[in-house]
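Here the structure comes first, spelled out in structure tokens, and everything after it is commentary.
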Amino acid sequence: ERGLRAERSHLVVTNHAFVLSRPEYFSHLLFDECDHLHEVALSVRSFEIELDEVTALAQTLQTGRGRDRAPLERLHRLLKRLAEGDKSDALQEQSRLALDGARKLDASGFEVARELRSFRAWRDEQAADRTPEERAFLLHEYLETGRGDGLVTALHALSRAVDQLDSSLRWAIEELGEVPLRDARRLRWSLRRPLEHLGHWREGLELWLGGESGEGDFSDHFHDHVVFENRRQPMLVLKWILPQQWLGSVYFPSLRNAALVSATARLRGGFRSMQGYLGLDILAEDTIDRAGREVKEFAAPPTFDPKQALICVPEDAPPYGWRGSAADTWTQYVQDTLLYLAERTEGRVLGLFTNRVVLQRVGERLAPLFRAKGLPFYWQGMPGLTKEEIMRRFRNQTESVLLGLDTFWYGVDFPGETCEYVVMTKLPYGALDDYVYAQKARMGAGPHRNQIYLPKSLAMFRQGCGRLLRSERDRGAVLILDRRALEKRHADFLKELPGGAEEWQTPQLMVADTDACFERIFEHMDLEASIAQRGLAQSFSACRGYAEHHDG
């Protein structure tokens with residue numbers, strides 16, 4: 001019904017994922033937060049096959065007890081109850097094929113997992129002598145060179161099992177529609193549930209085994225990967241290596257008109273970075289198959305007075321470390337900063353992190369300290385609360401603190417006194433995983449950094465800073481705890497700080513030691529008298545290590 005109403009409408013509001021996955025539905029589009037299109041295209045054009053889910057689905061269809069009897073067992077029992085004239089030959093045949101398909105799915109899933117473990121052993125032997133870019137394509141090499149023939153055979157068997165089970169379930173559902181029993185109607189719903197998973201696996205396996213052409217070429221457009229960590233069975237992953245190429249050469253040319261809007265569309269002084277990130281430069285090029293499309297640019301003047309926001313970069317912050325003593329020192333500094341600031345500002349703090357493990361560690365250490373001070377404290381991933389619940393609580397409790405990950409850098413809106421201080425713990429560079437190295441191998445390190453890695457990071461940085469000023473009356477401060485922002489190699493970040501409508505309206509940027517930064521923040525927010533009255537006038541340096549000494 002919703003689909004029919006949408007077809008009759010003049011205006012449809014939907015999300016990026018649906019628009020990209022159903023390009024035939026739309027020809028005129030307005031993309032808000034357009035910088036997300038790169039990541040959404042990657043998601044839409046990617047496939048994950050959890051072998052745990054494969055075997056679990058096969059077993060769920062076959063085994064169960066009491067009221068939770070398995071759907072295929074219920075189908076078998078229904079057929080035995082029906083009179084000969086009420087059960088078609090087709091329904092009986094599809095029931096048999098579905099049960100056979102479920103058994104084959106279980107067996108082939110187990111065999112694929114076994115072959116992938118053989119690949120892992122070979123990969124581990126090869127990894128030490130390969131560059132990161134070469135390691136990213138070891139599975140591709142394993143399959144292309146014949147070493148993985150056993151894996152290819154197992155994947156073909158899995159693909160055939162998925163096809164058989166999907167086809168027989170769909171046919172059985174159709175045949176059950178002719179059976180005039182309530183149990184048949186209920187059974188149809190039970191048999192529909194696996195179809196979404198089976199369809200996703202089928203499409204992914206077709207690409208795994210045939211590439212884009214279907215000729216078994218293991219297309220260079222895809223990154224073949226396997227995840228073994230933190231799971232009983234491996235997970236197959238297939239990702240489109242360069243989503244901007246698909247956007248620029250396939251998706252955007254299919255549209256008649258499109259407007260792409262975002263506060264971060266203009267990066268590094270112009271639109272060139274975002275055009276490359278989204279494939280608009282590809283769209284504008286003339287090719288043998290099509291003429292280039294015109295891409296127009298427009299920059300609206302800034303909305304807010306930059307004097308309302310004070311940006312501080314403590315130059316004495318310890319360097320970011322991801323392991324060992326450097327990580328301990330950096331994490332302790334972050335904890336001390338958050339505790340010192342929130343106690344004096346009575347909450348109103350949004351802390352932005354880029355790593356889930358670090359966020360959890362900081363959240364668990366600070367929770368009892370904030371509890372002792374009577375300040376409500378939330379962090380993304382904390383037990384018992386969803387992301388939406390902690391957002392609602394933070395928004396409704398002015399004197400509270402919230403620590404969040406990626407989704408809190410974008411799109412969340414906390415206007416007014418709820419969020420007057422944003423603490424950016426680290427510059428938002430993405431993790432250097434196999435997928436990133438695969439992109440670098442395809443593009444080259446320089447083009448990859450300039451067209452994907454840096455635009456994505458700069459857009460996220462601007463969005464993080466943008467969490468502060470959400471209305472003309474907002475006022476506050478942003479603390480950037482990653483002193484790499486002061487280095488020449490990372491200078492692009494501070495250049496993205498928003499100015500005003502006139503050229504002379506530059507952002508209020510302060511680079512000093514942490515004590516001086518806090519003094520200036522409290523002056524900016526007219527808090528000196530209140531802080532002194534509450535007996536909290538001690539400097540940050542004098543309070544260092546409080547979180548460590550009171551940990552737990």
Side-chain angles (χ1 to χ4, degrees), residues 229-230 312-345 347 349-373 375-383 387 390 394 400-409 421-433 457 460-461 464-465 467 477-487 490 493 511-518 521 538-552:
E229 295 75 18
N230 302 320
C312 292
V313 185
E315 59 186 352
D316 61 340
Y320 170 73
W322 62 279
R323 65 179 178 182
S325 59
D328 294 337
T329 301
W330 179 81
T331 304
Q332 186 62 53
Y333 175 80
V334 170
Q335 293 170 188
D336 288 338
T337 300
L338 289 166
L339 190 64
Y340 181 86
L341 175 65
E343 185 176 18
R344 282 150 184 79
T345 59
V349 176
L350 172 64
L352 298 176
F353 287 73
T354 62
N355 184 290
R356 185 175 300 276
V357 174
V358 174
L359 172 59
Q360 181 176 348
R361 185 186 306 138
V362 172
E364 290 174 348
R365 289 179 179 177
L366 288 180
L369 303 179
F370 278 116
R371 193 181 307 119
K373 297 180 183 302
L375 280 173
F377 176 62
Y378 310 102
W379 77 90
Q380 189 176 351
M382 68 185 297
K387 181 184 70 175
I390 65 174
F394 179 66
S400 61
V401 179
L402 170 60
L403 309 183
L405 287 164
D406 292 359
T407 51
F408 284 92
W409 293 71
Y421 308 91
V422 173
V423 179
M424 194 176 299
T425 59
K426 174 182 170 290
L427 294 179
Y429 283 118
L432 291 174
D433 54 16
S457 302
M460 191 169 175
F461 176 80
C465 292
R467 296 313 95 205
V478 176
L479 263 169
I480 302 169
L481 303 186
D482 193 338
R483 72 182 191 193
R484 291 180 300 175
L486 304 175
E487 299 172 6
H490 309 282
F493 285 94
V511 178
D513 61 50
T514 311
D515 283 336
C517 286
F518 275 124
I521 288 172
Q538 305 94 327
S539 69
F540 175 75
S541 298
C543 298
R544 282 299 310 271
Y546 183 86
E548 180 181 16
H549 298 320
H550 294 76
D551 190 7

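Side chains included, hydrogens not; waters and symmetry mates left out as well; all remaining heavy atoms used.
At least one donor-acceptor pair closer than 3.5 Å links the side chain of D316 to the backbone N or O of T514. A donor-acceptor pair is defined here as one N or O able to donate and one able to accept, closer than 3.5 Å; such a pair exists between the side chain of R467 and the backbone of W409. The backbone N or O of V362 sits nowhere less than 3.5 Å from a side-chain atom of Q335 that would complete a donor-acceptor pair.
Considering all non-hydrogen atoms of both residues, L375 and G347 come closest at CD2-N, 3.9 Å. C543 approaches Q538 most closely through the heavy-atom pair SG-CB, 3.8 Å. Taking all atoms of both residues into account, the shortest heavy-atom contact from Y378 to S400 is CE1-CB, 4.2 Å. Contact between P314 and R483 at its shortest, heavy atoms only, is O-CB, 4.1 Å. Nearest heavy atom pair, residue L481 against residue W330, reads O-NE1, 4.2 Å.
C312 contributes atom SG, which lies 9.0 Å from atom CD1 of I480 (distance to the nearest 0.5 angstrom). One distance of note links CG of L369 with CG of L338; it measures 11.5 Å at 0.5 Å rounding. Interatomic distance, CG of L339 versus CZ of R544, reported as 11.5 Å (0.5 Å rounding). Once rounded to the nearest 0.5 Å, the distance linking CG of L402 with NZ of K387 reads 11.5 Å. Taken from CD1 in I521 to CG in L341, the straight-line distance is 6.5 Å, to the nearest 0.5 Å. For the atom pair CD (E487) and CG (L427), the distance works out to 9.0 Å, reported to the nearest 0.5 Å.
Annotation: ring pair (Phe, Tyr, Trp, His ring centres under 6.0 Å) contacts of F370 (sequence neighbours excluded): F377. By the side chain to side chain contact (heavy atoms under 4.5 Å, CB included) test, A512 pairs with M510, A516, C517, sequence neighbours left out. Residues passing the salt bridge (charged side-chain N to carboxylate O under 4.0 Å, His left out) test with R484, sequence neighbours excluded: D482. Residues passing the side chain to side chain contact (heavy atoms under 4.5 Å, CB included) test with L486, sequence neighbours excluded: V313, E315, L494, V511. Checked against side chain to side chain donor-acceptor pair (under 3.5 Å), D433 has no partners two or more places apart in sequence or in another chain. In terms of the side chain to side chain contact (heavy atoms under 4.5 Å, CB included) criterion, residue partners of S541 (sequence neighbours excluded) are, by chain and number, D515, S539. Qualifying ring pair (Phe, Tyr, Trp, His ring centres under 6.0 Å) partners for F540, counting only residues two or more places apart in sequence or in other chains: Y333, Y340, F518. Shown here are the ring pair (Phe, Tyr, Trp, His ring centres under 6.0 Å) partners of F493, two or more places apart in sequence or in another chain: Y429, F461.
The closest side-chain heavy-atom distance from L403 to Q380 is not below 4.5 Å.
Inspection of the Q332 and D328 side chains reveals no N or O donor paired with an N or O acceptor under 3.5 Å.
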Without placing hydrogens or testing angles, list every side-chain donor-acceptor pair under 3.5 Å for residues 350-360, not counting sequence neighbours.
from	atom 1	to	atom 2	distance (Å)
N355	OD1	V357	N	2.8
N355	OD1	V358	N	3.0
Q360	NE2	E364	OE2	3.0

